[in-house]
Number of protein chains: 2
Amino acid sequence: MASKDHTPRRSAPPAGAARGRPRKAPVSQEGEGEEKRLGRPPLVSDPREEILRQAAKMFAQKGYGASSLAEVAATLNYSKGAIYNYFATKQEIYDAIIIRTLEGLNRAGAEAVAQGASPRERLRLFMIGHARYLAENYDSFVTMLVGYSGMASAALKDDALRLRDAHEGLLRAIIAEGAADGSFRAMDVAMTGRAVLSLLSWMARWYRPDGAMGAEEVADFYCDLIASGLLPREPAAREGR
Amino acid sequence: MASKDHTPRRSAPPAGAARGRPRKAPVSQEGEGEEKRLGRPPLVSDPREEILRQAAKMFAQKGYGASSLAEVAATLNYSKGAIYNYFATKQEIYDAIIIRTLEGLNRAGAEAVAQGASPRERLRLFMIGHARYLAENYDSFVTMLVGYSGMASAALKDDALRLRDAHEGLLRAIIAEGAADGSFRAMDVAMTGRAVLSLLSWMARWYRPDGAMGAEEVADFYCDLIASGLLPREPAAREGR
DNA sequence: AGATTTACATACCGACCAGTCGGAATATAA
DNA sequence: TTATATTCCGACTGGTCGGTATGTAAATCT
């Protein structure tokens, strides 16, 4: 039997060789057309996705430690054991949520940066893109920011750190560029970036997708506040040039 | 379950560990002088305080769920059972940490507000006071902001919410006053206050007491950033360097 | 000297949970 | 039909943890 060591071809855990493995081979890893697969079909299509979704929901609500896989399984009409066909450990589920969320956030930031003309405009697009991604991936985002905060594998932890730094790097580049061409004041770039990300990150603690204010609206307000400041302003140019 | 009034062990309420409001330990409460107490003396003076300190440390590091009372006890050379002489449940320990931390934060904010002359100055004092309190009560603060986030008793939850709102209310009053007398721009008071608290709260995620930058220093930077903004102040943005 | 009160340790219980194992169910392929 | 691959269930294990019961050590009071 050429049963591979459970490496679910998703995202990118290249270095992280999962130690534990489900008892059987992973789900179909095809990349091309829809091919008929052998064996009993899953109860839900793409169980891996559903498990991640439900787990993120529970992690966000009750935290990692207080969430049991049995409960996750129950909401999918699964037994607990079935989950282990798709993930080797509970930790692996958590890790997958974190990594994929950071990847998506990074992607959102990169797209925003590519579309803006001036640093001022890019900053706004970055913040709004960040907030929109938060709103659209609420549970995963909350899990990433407030839940448990511990990845087991050092390799995965490095991946997560790299992704986070890349996202922050995009922001710092915007600020540095704005400072260089005079459209921003010259300030400590790292601390300014930290401030912007603090505003956005803390949204995970109070923002609710069904609340009165939209996430992009909040980001817009924050961007204006951080750009123009609280002090009154003499008649000055609002737009970046 | 078992809603019997769990006073610690025997009769007296020496630790005040009962339902309802947390009360101070009688040992530390001065007033009627040192009275000789009966029975075997504690291994450490003020065990209640030590337990709260150690528990906050562990909660901050590993989270509520991942922290065991046995481990807390071990660091104090206690047995697990001994803790139950001072607290009825693990939850009660958590609740006590949250409440006392919020009370202290509220006090710090009130002191800051009382000392500033102008809204601009009060805002700075408020932010610095908040940051200083964070630095001086780091473990409790982190526990309050990132750990577990669930209080059992509805009454205590209300207490916590009330304290949090009071703190935020102090800040909003500063902003509203500044907007009224023209020293601040007219902006949405609630959202502006939220932004300020977001900056400060997120410090619990990255600030380290032994780090390079002091907490008050950070608050000072944030205050300047939020006040003056990122855009250049003067229309003629010809920054000579 | 008791008697009493407080502060602990030890041992234990019950609940819960991550993870495992054998096998049953359901699909395709020959 | 038989063989094989895949999914899933249900029962089980090993361990952890919150909380309790019981006894004992050290202090004061009478």
Quick one: salt bridge (charged side-chain N to carboxylate O under 4.0 Å, His left out) partners of B/Glu71, sequence neighbours excluded?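 B/Glu71 satisfies salt bridge (charged side-chain N to carboxylate O under 4.0 Å, His left out) with B/Lys62 only.
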
Pairing residues for A/Arg172 by the salt bridge (charged side-chain N to carboxylate O under 4.0 Å, His left out) criterion, not counting sequence neighbours: A/Glu168

Under the ring-ring contact (aromatic ring centres under 6.0 Å, His included) rule, collect the residues that match up with B/Phe141, sequence neighbours excluded.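 Checked B/Phe141 against ring-ring contact (aromatic ring centres under 6.0 Å, His included); matches are B/His130.
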
Atom-pair distance ([atom1] on [X]; [atom2] on [N]), nearest Å:
{"X": "B/Tyr64", "N": "D/dG18", "atom1": "OH", "atom2": "P", "value": "8 Å"}
{"X": "B/Lys62", "N": "D/dC17", "atom1": "NZ", "atom2": "C1'", "value": "12 Å"}
{"X": "A/Arg48", "N": "D/dC8", "atom1": "CZ", "atom2": "P", "value": "14 Å"}
{"X": "B/Leu76", "N": "C/dA7", "atom1": "CG", "atom2": "C1'", "value": "14 Å"}
{"X": "B/Asn85", "N": "D/dA25", "atom1": "CG", "atom2": "C1'", "value": "14 Å"}
{"X": "A/Tyr78", "N": "D/dG10", "atom1": "OH", "atom2": "P", "value": "14 Å"}
{"X": "A/Phe87", "N": "C/dT20", "atom1": "CZ", "atom2": "P", "value": "15 Å"}
{"X": "A/Ile83", "N": "C/dA18", "atom1": "CD1", "atom2": "P", "value": "9 Å"}

For nucleotides 26-30 of chain C, tabulate all protein N/O to nucleotide N/O atom pairs closer than 3.5 Å, reporting atom names and distance.
residue : atom : partner : partner atom : Å
C/dT26  : O2   : A/Arg40 : N            : 3.3

With B/Leu52 via side chain to side chain contact (heavy atoms under 4.5 Å, CB included) - residues at least two apart: B/Phe87, B/Ile93, B/Ala96, B/Ile97, B/Arg100

Could you check whether any side-chain N or O of [X] sits under 3.5 Å from a backbone N or O of [Y], counting only pairs where one atom can act as donor and the other as acceptor?
{"X": "B/Tyr138", "Y": "B/Ala60", "value": "no"}
{"X": "B/Arg205", "Y": "A/Leu145", "value": "yes"}
{"X": "A/Lys90", "Y": "A/Tyr64", "value": "yes"}

So, is A/Tyr84 near the phosphate of C/dT20, with a side-chain N or O under 4.0 Å from OP1 or OP2?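 Result: no.
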
Tell me whether the OP1 or OP2 atom of D/dC8 has a side-chain N or O from A/Tyr86 closer than 4.0 Å.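 It does, given that an N or O in the side chain of A/Tyr86 lies less than 4.0 Å from OP1 or OP2 of D/dC8.
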
I need a per-nucleotide contact map over nucleotides 12-17 of chain C, read 5' to 3'. Cutoff is protein heavy atoms under 4.0 Å; write B for the base, S for backbone only, - otherwise. -----S

I need the minimum non-hydrogen distance between A/Thr101 and A/Ser140, along with the two atoms involved.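 Scanning both residues completely, I find the closest heavy atoms to be OG1-CB, 3.1 Å.
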
Shortest non-hydrogen contact from A/Tyr207 to A/Gly214?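 Looking at all heavy atoms of both residues, the closest pair is CE1-C, 4.0 Å.
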
